[in-house]
Amino acid sequence: MTHAAQERAAATERLDDSFFQDPQGLFARLRTAAPVTPVVTTEGMRVWLVTRYEDVRAALADPRVAKDWVTHMTPEDFDINVDPVQAYLDQHMLNLDPPDHTRLRRLVVKAFTPRRVAGLRPRIAAVTESLLDAMAAGPRETELIEAFAFPLSVTVICELIGIPADDRASFRAWSETLLSARGTRTESRAAAVAMYEYFTRLVAERREQPADDLLSALIAARDAGDSLSEHELLSMMFLLLVAGHETMLNLIANGCLALLTHPGELKRLRDDPALLPSAVEELLRYANPLNHATERFTLEPVTIGGVTVPAKEWVMLASASANWDPERFPDADRLDVGRDRSGHLGFGHGIHYCLGAPLARLEGEIAFGALLGRFPALRLARPVSALRWRPSSLIHGLEELPVRLA
């Protein structure tokens with residue numbers, strides 16, 4: 001047995017289908033029994049899973065727990081085969097450390113300032129109302145992700161970046177394939193190649209015909225004499241598109257499910273719409289679309305929660321578990337739209353704090369407010385036990401959410 005195989009065998013926890021369907025069940029057990037422990041992912045990769053709030057928050061800001069695996073890791077350190085095309089697209093700012101991360105973030109953060117995002121309100125509201133109009137004109141039962149959550153999230157991010165919304169069905173298929181734990185390597189590679197080729201064509205078109213969008217601005221970007229390389233530009237598009245629509249899609253769907261299964265809190269929110277900003281923050285805490293932050297690794301031995309993780313070990317920081325840690329949030333497993341939820345890790349922490357947070361907050365307020373206002377009798381069309389969650393350790397999102405509108 002190889003050393004890597006021995007290490008995997010020593011990790012008794014497996015992130016399998018039972019984890020996908022109930023991640024908080026595993027997190028609750030580990031927070032008490034083994035808050036920093038090795039687990040094996042579906043792909044067969046051994047990682048250290050960190051589940052307590054204080055440990056997760058501290059590690060998110062620890063420079064010894066790094067992101068830039070291309071610089072610091074070798075193929076032998078991965079324990080699994082890494083597809084070169086996926087690796088190419090994955091080299092975006094979320095997987096980089098300073099100074100590269102700082103430079104790239106500075107180039108794109110201007111598109112997500114609170115003032116710039118506030119200017120998007122009329123357009124987001126108009127897209128939302130158009131989708132709700134179509135739902136109201138259709139059958140009384142509908143699938144909320146297909147009818148509302150996906151088209152809203154993908155339209156907003158596509159328009160911001162400058163990507164034709166007509167291609168959104170392709171984006172959804174590529175994204176789901178790349179994030180799924182059940183896809184084959186052949187399927188994942190095909191999706192990565194398709195995205196690479198699409199972005200290459202789109203960048204070439206924007207160079208010839210610039211537009212008033214983020215992609216054109218990034219192509220022309222110059223910051224203190226620096227610029228984006230072709231590789232960095234393609235990776236940035238991949239990050240913004242996938243992260244931009246996946247997180248919002250699943251926040252809307254997960255949040256609706258949480259509210260519909262907590263009728264007291266739903267009524268409280270309907271009776272007092274001023275609670276919407278607080279409710280969005282609570283939904284980010286309670287029903288966050290990510291189980292964990294994207295993977296990191298140790299540059300040197302690092303002690304986390306009293307456990308020393310050796311150098312060049314992969315670390316999975318379970319932000320969703322941290323947000324349900326009763327040591328930080330009393331009655332953490334209870335939805336409370338008026339909760340003091342300050343400090344939740346739904347957007348991460350440290351230098352990789354989500355730069356799209358202002359947009360997500362605005363989009364969430366508009367989406368939940370308009371949906372609940374338009375359909376006061378909204379309810380689930382299937383028992384909760386019949387709903388299934390997507391097979392992904394990173395994404396916590398429903399496969400579908402059937403609802404009745406009246």
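As the structure is a computational prediction, the values presented were derived from the model and not from experiment.
For residues 200-210, every residue pair satisfying the salt bridge (charged side-chain N to carboxylate O under 4.0 Å, His left out) rule, not counting sequence neighbours, is listed here: Arg206-Asp213, Arg207-Glu230. Residue pairs satisfying the salt bridge (charged side-chain N to carboxylate O under 4.0 Å, His left out) criterion with at least one member in residues 394-406, sequence neighbours excluded, are listed as follows: Glu141-Arg404.
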side-chain contact (heavy atoms from CB on, under 4.5 Å) for Glu232 and Leu104? Distances and angles first, verdict last. CA-CA 8 Å; Glu232 291 169 338; Leu104 296 179; 3.9 Å; yes
List the steps, then state whether side-chain contact (heavy atoms from CB on, under 4.5 Å) holds for His92 with Leu240. CA-CA 10 Å; His92 45 67; Leu240 293 174; over 6 Å; no
Candidate pair Glu313 and Arg46, rule salt bridge (Lys or Arg N to Asp or Glu O under 4.0 Å), full reasoning: CA-CA 8 Å; Glu313 292 278 323; Arg46 179 179 182 268; 2.7 Å; yes
Leu160 vs Val156, side-chain contact (heavy atoms from CB on, under 4.5 Å): CA-CA, chis, key distance, verdict: CA-CA 6 Å; Leu160 178 65; Val156 170; 5.6 Å; no
Using salt bridge (Lys or Arg N to Asp or Glu O under 4.0 Å), reason through Glu365 and Arg361 one step at a time and then give a plain yes or no. CA-CA 6 Å; Glu365 289 180 28; Arg361 289 185 167 110; over 6 Å; no
Can you list the steps and then say if Arg123 with Glu159 is a salt bridge (Lys or Arg N to Asp or Glu O under 4.0 Å)? CA-CA 10 Å; Arg123 177 56 182 157; Glu159 290 186 356; 2.6 Å; yes
Evaluate Trp48 against Thr298 for side-chain contact (heavy atoms from CB on, under 4.5 Å), listing each step before the verdict. CA-CA 10 Å; Trp48 290 80; Thr298 51; over 6 Å; no
Where do Glu265 and Arg339 land on the salt bridge (Lys or Arg N to Asp or Glu O under 4.0 Å) test, with the steps shown first? CA-CA 11 Å; Glu265 293 304 292; Arg339 178 192 296 274; over 6 Å; no
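Residue Asp271 places its CG atom among more than 12 non-hydrogen atoms of other residues, nucleotides or ligands, all under 6.0 Å distant.
In this structure His352 satisfies the ring-ring contact (aromatic ring centres under 6.0 Å, His included) test together with His101, sequence neighbours excluded. Remark: Phe329 pairs with Tyr53 by the ring-ring contact (aromatic ring centres under 6.0 Å, His included) rule, at least two apart or across chains. With sequence neighbours excluded, the residues forming a ring-ring contact (aromatic ring centres under 6.0 Å, His included) with His396 are Trp389, listed by chain and number. Applying the ring-ring contact (aromatic ring centres under 6.0 Å, His included) criterion to Phe19, with sequence neighbours excluded, gives Phe27.
In this structure, Ser153 and His245 approach most closely via the heavy-atom pair OG-O, 3.5 Å.
For the atom pair CG of Leu317 and CZ of Arg57, the computed distance is 13.0 Å after rounding to the nearest 0.5 Å.
In this structure, a donor-acceptor pair under 3.5 Å is absent between the side chains of Asn95 and Gln91.
Formation of a donor-acceptor pair under 3.5 Å by the Asn288 side chain with backbone atoms of Gly346 is found in this model.
Residues Arg268 and Asp336 have side chains in contact (heavy-atom distance under 4.5 Å, counting atoms from C-beta outward).
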